[in-house]
Amino acid sequence: MIIIFNGPPGSGKDEAASYFKQRGFKHVSFKYVLFKETIKYFKVSRDWFMQNYNDRQIKERPEKALQGFSRREALIHVSEEVIKPVEGLDFFGRCVANEIEQGKDYAISDGGFIEELTPIINKIGTGNIVLV
């Protein structure tokens, strides 16, 4: 079974996924690949980028190292302007689908766009997915 959490920032998606992780579910995320690609694109360290990432003020602050983008804006820029035009709208979904093993339970804390969900649906079927 795969439980996918979708909602606005601060709605508790990561907390909900953590709850299921403590109960044996594996936690996967669309944003893990996006973090990696954004860090590579802007040539910044992972430690710097992730430092205080969950602090909304820091996350929204424009950064010189990110060409004036905030961390959140940098993620959006890399996703929408760099990766998806080249790799396709389903790129992040394909990455997550590659991590999924049949017969295991997963919690996905950042349900994405339908194009990102399609590779997962194609891999395990709609009857094995719950969208919250």
Side-chain angles (χ1 to χ4, degrees):
M1 171 183 285
I2 296 182
I3 302 173
I4 302 171
F5 297 96
N6 197 346
S11 63
K13 298 179 298 286
D14 287 324
E15 282 295 318
S18 292
Y19 172 86
F20 283 94
K21 184 176 180 183
Q22 292 171 2
R23 282 146 183 84
F25 283 63
K26 292 187 175 202
H27 180 200
V28 293
S29 172
F30 293 105
K31 66 185 168 190
Y32 293 154
V33 174
L34 181 55
F35 283 143
K36 179 181 157 192
E37 294 298 323
T38 301
I39 288 163
K40 183 170 73 175
Y41 179 82
F42 286 103
K43 298 180 176 111
V44 296
S45 78
R46 177 171 174 70
D47 288 342
W48 177 83
F49 191 86
M50 298 308 295
Q51 181 181 7
N52 301 314
Y53 179 80
N54 291 323
D55 180 322
R56 295 230 182 269
Q57 287 183 329
I58 291 173
K59 184 179 184 174
E60 298 295 338
R61 182 176 64 206
E63 299 284 356
K64 185 176 181 179
L66 300 173
Q67 301 172 7
F69 291 113
S70 68
R71 285 169 172 84
R72 186 183 63 76
E73 291 168 333
L75 290 166
I76 293 168
H77 172 73
V78 170
S79 172
E80 302 304 313
E81 305 298 327
V82 177
I83 293 176
K84 288 181 181 178
V86 174
E87 299 293 338
L89 298 177
D90 66 346
F91 173 76
F92 296 105
R94 285 184 280 129
C95 293
V96 170
N98 287 338
E99 293 183 46
I100 292 172
E101 297 176 48
Q102 294 285 353
K104 301 218 178 195
D105 295 325
Y106 292 87
I108 300 176
S109 60
D110 55 350
F113 302 100
I114 188 66
E115 295 87 0
E116 295 171 338
L117 299 178
T118 300
I120 297 166
I121 293 167
N122 290 342
K123 184 167 186 173
I124 65 155
T126 56
N128 297 311
I129 296 176
V130 175
L131 179 61
V132 179

[atom1]-[atom2] distance between [X] and [Y], expressed to the nearest 0.5 angstrom:
X: Leu131; Y: Ile3; atom1: CG; atom2: CD1; result: 11.0 Å
X: Leu75; Y: Glu80; atom1: CG; atom2: CD; result: 11.0 Å
X: Phe92; Y: Glu37; atom1: CZ; atom2: CD; result: 7.0 Å
X: Arg71; Y: Ile39; atom1: CZ; atom2: CD1; result: 9.5 Å
X: Ile2; Y: Ile108; atom1: CD1; atom2: CD1; result: 5.0 Å
X: Leu66; Y: Phe49; atom1: CG; atom2: CZ; result: 6.0 Å

Please tell me if the side chains of [X] and [Y] come closer than 4.5 Å, counting only heavy atoms from C-beta onward.
X: Gln102; Y: Lys123; value: yes
X: Phe42; Y: His77; value: yes
X: His27; Y: Tyr32; value: yes
X: Phe30; Y: Leu117; value: yes
X: Arg94; Y: Glu87; value: yes
X: Glu101; Y: Tyr106; value: yes

Lys84/Glu116 salt bridge by N-O under 4.0 Å criterion
yes
How far apart are the closest heavy atoms of [X] and [Y], and which atoms are they?
X: Asp105; Y: Met1; result: OD1-N, 2.9 Å
X: Ser79; Y: Pro85; result: O-CD, 4.3 Å
X: Glu73; Y: Gly68; result: OE1-O, 4.2 Å
X: Ser29; Y: Val96; result: O-CG2, 3.7 Å
X: Glu63; Y: Ile58; result: OE2-O, 4.4 Å
X: Val33; Y: Cys95; result: CG2-CB, 3.8 Å

Assess whether atom CZ of Arg46 is packed by more than 12 heavy atoms of other residues, nucleotides or ligands within 6.0 Å.
no
Other residues, nucleotides and ligands only: do more than 12 of their heavy atoms fall within 6.0 Å of CZ on Phe113?
no
Could you go through the ring-ring contact (aromatic ring centres under 6.0 Å, His included) check for Phe35 and Tyr53 one step at a time?
CA-CA 11 Å; Phe35 283 143; Tyr53 179 80; 5.1 Å; yes
Is the cationic atom of Arg23 (NZ for Lys, CZ for Arg) positioned less than 6.0 Å from the six-membered ring centroid of Tyr19 and within 45 degrees of its normal?
yes
Indicate the ring-plane relationship of Phe25 and Phe20, choosing parallel, tilted or perpendicular according to the 30° and 60° boundaries.
perpendicular
Under the side chain to side chain contact (heavy atoms under 4.5 Å, CB included) rule, what do Ile120 and Thr118 come out as? Steps first, then yes or no, please.
CA-CA 5 Å; Ile120 297 166; Thr118 300; over 6 Å; no
hydrophobic_cluster_shared for Val82 and Val44, side chain cutoff 4.5 Å
yes
Could you walk me through whether Ile83 and Tyr41 pass side chain to side chain contact (heavy atoms under 4.5 Å, CB included), step by step?
CA-CA 10 Å; Ile83 293 176; Tyr41 179 82; over 6 Å; no
